[in-house]
Amino acid sequence: MRRAPAVCAGILMAGGIMGWFAWRHDAAILLRGIMASADGRPENGKVAEGRYKNDYFGLSYRLPPEWTVGEAGPDPSQSAYYVLSTLVPEGEPNATIMIAAQDMFFVGEGHAGAADQARDFQRALSTVAGMTIDPDVAEIKVGDHAFYRVNYHGVGLYRSMVAAEIRCHIVSFNVTARDSALVASLVHAFDRDISFAPTGGASAPPCAEDYADSDNVLHRVLPVPVGPRFVPIPVRIIVGPDGSVTNVHVIHATDDQRRSIETALYQWKLKPYRVGGRASPVETGLLFKFRGDS
Amino acid sequence: MLGAAAWSGSVVTEAQAQMRNQNGADHHRGGGGGGGGGGGGAQATDPGVRGGPPGAGGPLPGLSAPELAFFKAATDVFTEVEAVPNGLGPRFNLDSCAGCHAGPAVGGSSPATNPEVADATANGATNTVPSFITTNGPTREARFVRNPDGTPDGGVHDLFVITGRADAQGCNIQQPNFAAALAANNVIFRIPTPVFGLGLVEAVPDSGLQAAAGTVAQQAGSLGIASGVFNTSGNDGTITRFGWKAQNKSLLIFAGEAYNVEEGVTNDAFPNERETNPNCQFNPLPESTSNFTDATNGASPVAGFSQDIVNFAAFMRFLAPPTPASGTSPAAQSTSMTSTAANSASMTGGTVQVASAGGTSVLSAVSGTSSNSAAPAASGASTSRGAQVFSNIGCAACHVQNQTTGKAVITGISNETFQPFSDFALHQMGTGLADGVSQGAANGTQFRSAPLWGVGQRLFFLHDGRTSDLVQAIEQHSSNGSEANGVIRNFNMLSVSDQQAVLNFLRSL
């Protein structure tokens with residue numbers, strides 16, 4: 001990951017306290033038109049009445065018949081990776097579907113989207129002992145959204161990774177079963193069973209990867225350094241049309257760090273984001289790291 | 001429209017074979033673990049501790065003569081038994097490094113017979129053995145999760161005190177109330193981490209650890225695993241990598257902390273007594289320091305001048321990694337950094353007595369730990385298959401096989417690839433393994449991926465030594481909140497023969 005522009009280091013020194021760094025990626029990635037909640041969180045999706053629903057992504061998935069939710073996944077990681085849900089058959093444990101998301105703001109070098117992610121995944125899996133990977137990355141349309149599928153298998157397990165780019169995240173459905181027909185049927189049903197919030201609902205803001213850089217921040221309050229030092233703390237914020245911070249999601253941190261960062265960020269003021277010349281809300285990311293000065 | 005069944009014809013062949021397996025006697029584990037037969041039975045089982053001589057305990061191959069002399073002298077220091085005049089106590093868990101780091105050879109983990117039981121009353125001490133310390137159980141330290149006021153504790157509360165010992169007259173402190181802590185569900189345990197091969201681990205640059213994590217990141221992401229999350233030093237921000245939560249920065253820090261915390265011996269890295277009762281202070285501080293003269297006048301002057309923790313660190317740095325079972329594992333075939341059998345035998349023979357300057361060697365008391373339940377190594381075909389399955393189902397996404405050193409001071413270990421089977425990163429391990437203790441950036445659910453080299457001759461598994469059964473150790477990786485859930489689901493969906501192959505592979509390491 002790249003460090004923030006020099007202005008951040010300047011503020012660090014001017015602040016004269018324990019200090020923080022922020023990283024960003026250069027390329028802005030915009031995704032408009034996804035109908036989703038403006039203030040939900042990726043990890044808040046849940047299974048109810050036979051459906052996995054995630055308001056943040058505007059995503060709904062009807063579980064296969066006689067399937068249920070499995071063990072809870074881990075908390076969001078400091079690399080902003082989420083296990084959103086794990087789904088399993090109610091009877092014999094012969095298959096599983098794990099829904100995951102990776103925040104693209106915090107993936108290091110970044111990538112162009114779900115298609116490239118699928119090809120990277122395909123290349124990486126080819127190095128795993130005993131793994132056979134289908135050569136094609138298939139594009140799948142689910143509603144208006146493009147998903148990309150990679151099939152692979154080995155040691156008697158058949159697997160399919162189906163991923164789409166939603167709200168600057170790669171959201172993936174990872175299907176595993178003991179026989180290929182079951183995996184194929186589960187994946188085949190996605191275009192029927194996955195749906196998105198209908199057009200006309202509350203629209204999620206566009207996401208812009210580097211919007212909270214120095215050029216756009218008009219007023220900045222540094223969080224008070226607390227908790228473990230040198231640990232990356234990924235944060236997503238939503239900036240309102242007036243430039244105020246309307247939502248802070250500290251993705252992975254201690255409670256003290258979360259409070260400190262939220263307190264600071266809600267005092268920030270940014271230039272209004274503009275779409276077609278009009279002020280618009282925008283979602284962006286920041287990576288904090290409290291430094292331990294000696 | 002989504003694609004229909006898209007696998008190639010060759011896959012169908014494997015699927016058909018798999019179906020035949022399922023229809024036959026080759027059933028799958030349902031998810032709860034449990035006993036059963038071996039490869040041809042109902043369920044896969046742990047083949048048990050691998051027999052034969054200890055595959056560890058010798059020095060790295062290719063050390064220079066001064067390095068080898070230092071290693072041998074440092075081994076003496078590592079095996080010393082401390083008494084109060086040497087610095088033991090006032091509170092301690094054992095009186096020797098090698099007492100806990102004992103199986104299958106000096107530098108390992110818990111031996112078959114727990115020396116803590118006898119140490120409780122050694123030299124007149126009047127300690128009560130806590131209920132979680134047993135003769136046939138693992139050597140353990142205890143940590144309290146919370147302080148009495150509810151704030152986080154997480155620190156080690158030593159098992160024993162020197163009260164009653166002949167060399168501690170006037171000291172009358174009491175042991176912690178472990179029964180109350182147990183009743184309050186406020187105590188967790190840790191067993192010793194083996195220290196074999198740690199010079200190699202220390203010689204991996206941070207960028208190497210990050211690069212190794214990067215090689216498995218894609219597979220990890222398909223399994224619910226966040227790769228590349230490292231513990232870091234609060235002082236300089238670099239990756240820390242030693243200890244159950246990767247909380248220790250270096251072998252020197254690791255040794256210094258353990259000397260003070262486990263044995264109560266203050267030193268230049270940790271110069272203050274943790275127990276400050278004035279009636280129990282018998283020595284000027286720190287109790288182990290650099291020597292101005294080489295009293296040993298031995299073959300390694302550097303060992304003689306150095307304080308104990310420098311010798312401990314040297315012992316760990318020069319100690320070779322465990323040697324896998326010969327000819328049964330791909331890892332064994334590619335491992336270059338293992339000690340020769342002759343080296344191992346000479347350093348770990350069951351009756352070797354090592355003279356030392358500061359105390360009596362305990363080598364003879366702690367060796368030969370694996371012979372009671374020794375099992376032969378499984379067939380090469382099975383372990384080779386197991387290695388493939390291990391990687392394929394995702395075990396290797398955390399237990400990363402290869403790491404590579406950078407430029408190193410120690411002779412012969414620069415730019416070497418070795419096989420610790422760990423990414424040395426932190427992972428959330430769920431409610432089943434969570435201990436509620438935070439160390440550095442590691443929270444109460446996170447642990448470092450335990451290096452699996454040497455697992456073939458390990459007696460106790462997981463951070464608290466709760467099981468000696470590899471199957472149980474695997475299954476315990478799965479619980480709410482664990483990053484390993486996806487991998488364990490894969491394991492449980494395997495055929496019994498492939499599950500058995502994984503177990504055989506692990507016992508070959």
Side-chain angles (χ1 to χ4, degrees), chain A residues 70-75 77-79 81 83 86 88 92-96 98 100 102 120-121 123-125 127-132 134 136 138 140-141 149 151 153-159 161 172 174 176-181 184-185 187-191 228-231 254 291-292 294, chain B residues 1-8 10-12 14-15 18-19 21-22 28 30-31 215-219 221-224 226-229 232-238 387-389 391-393 396 427-428 430 438 440-441 443 445 478-483 485-486 489-490 492-495 498:
Chain A
E71 307 103 330
D75 291 337
S77 79
Q78 71 181 42
S79 56
Y81 171 77
V83 174
T86 300
V88 295
E92 184 186 9
N94 62 349
T96 182
M98 192 271 291
Q102 172 63 57
D120 288 347
F121 180 77
R123 278 191 290 272
L125 268 287
T127 66
V128 175
M131 199 74 87
T132 301
D134 274 10
D136 298 328
I140 299 164
K141 285 288 187 185
R149 187 197 67 213
N151 288 340
H153 68 95
V155 300
L157 300 181
Y158 297 85
R159 288 161 266 190
M161 191 279 290
S172 64
N174 300 275
T176 303
R178 287 176 182 157
D179 74 82
S180 58
S185 70
V187 173
H188 185 78
F190 280 171
D191 64 347
R229 302 301 197 259
F230 297 107
V231 178
T254 66
R291 198 180 68 182
S294 56
Chain B
M1 184 68 185
L2 299 183
W7 283 272
S8 61
S10 62
V11 179
V12 175
E14 186 177 341
Q18 188 66 24
M19 289 296 288
N21 284 342
Q22 291 173 31
H28 297 261
T215 63
V216 295
Q218 292 281 357
Q219 186 185 19
S222 71
L223 292 164
S227 63
V229 176
T232 50
S233 165
N235 292 313
D236 67 2
T238 57
Q388 183 181 92
V389 177
S391 175
N392 198 285
I393 64 173
H427 297 278
Q428 298 178 64
S438 297
N443 64 31
T445 73
S478 179
S479 62
N480 280 330
S482 173
E483 294 180 33
N485 287 341
R489 278 193 298 274
N490 281 351
N492 289 332
M493 282 194 280
L494 292 171
S495 67
D498 275 346

Would a 4.5 Å heavy-atom cut-off, applied to side chains only, mark [X] and [Y] as touching?
X        : Y        : answer
A:Thr176 : B:Arg489 : no
A:Thr254 : B:Asn443 : no
A:Thr86  : B:Asn485 : no
B:Asn392 : A:Arg159 : yes

[X] and [Y]: which non-hydrogen atoms are nearest, and at how many Å?
X        : Y        : answer
B:Gly224 : A:Pro74  : O-CG, 3.9 Å
A:Phe121 : B:Ser222 : CE1-CB, 3.6 Å
A:Arg229 : B:Gly234 : CB-O, 4.2 Å
B:Gly221 : A:Ala100 : O-CB, 4.3 Å
B:Ser478 : A:Glu71  : OG-OE2, 3.1 Å

Is [X] close to chain A through its backbone or its side chain, or both, or neither, when contacts mean heavy atoms under 4.5 Å?
X        : value
B:Ser479 : backbone
B:Ser233 : backbone
B:Leu223 : backbone
B:Ser482 : backbone

Which answer fits [X], side chain, backbone, both or neither, if we ask what part of it has an atom under 4.5 Å from a heavy atom of chain B?
X        : value
A:Ala138 : neither
A:Met98  : side chain
A:Asp75  : both

### Query
When rounded to the nearest 0.5 angstrom, what is the spacing between OG1 in B:Thr238 and CZ in A:Phe230?
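Between B:Thr238 OG1 and A:Phe230 CZ, I get 8.5 Å after rounding to 0.5 Å.
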
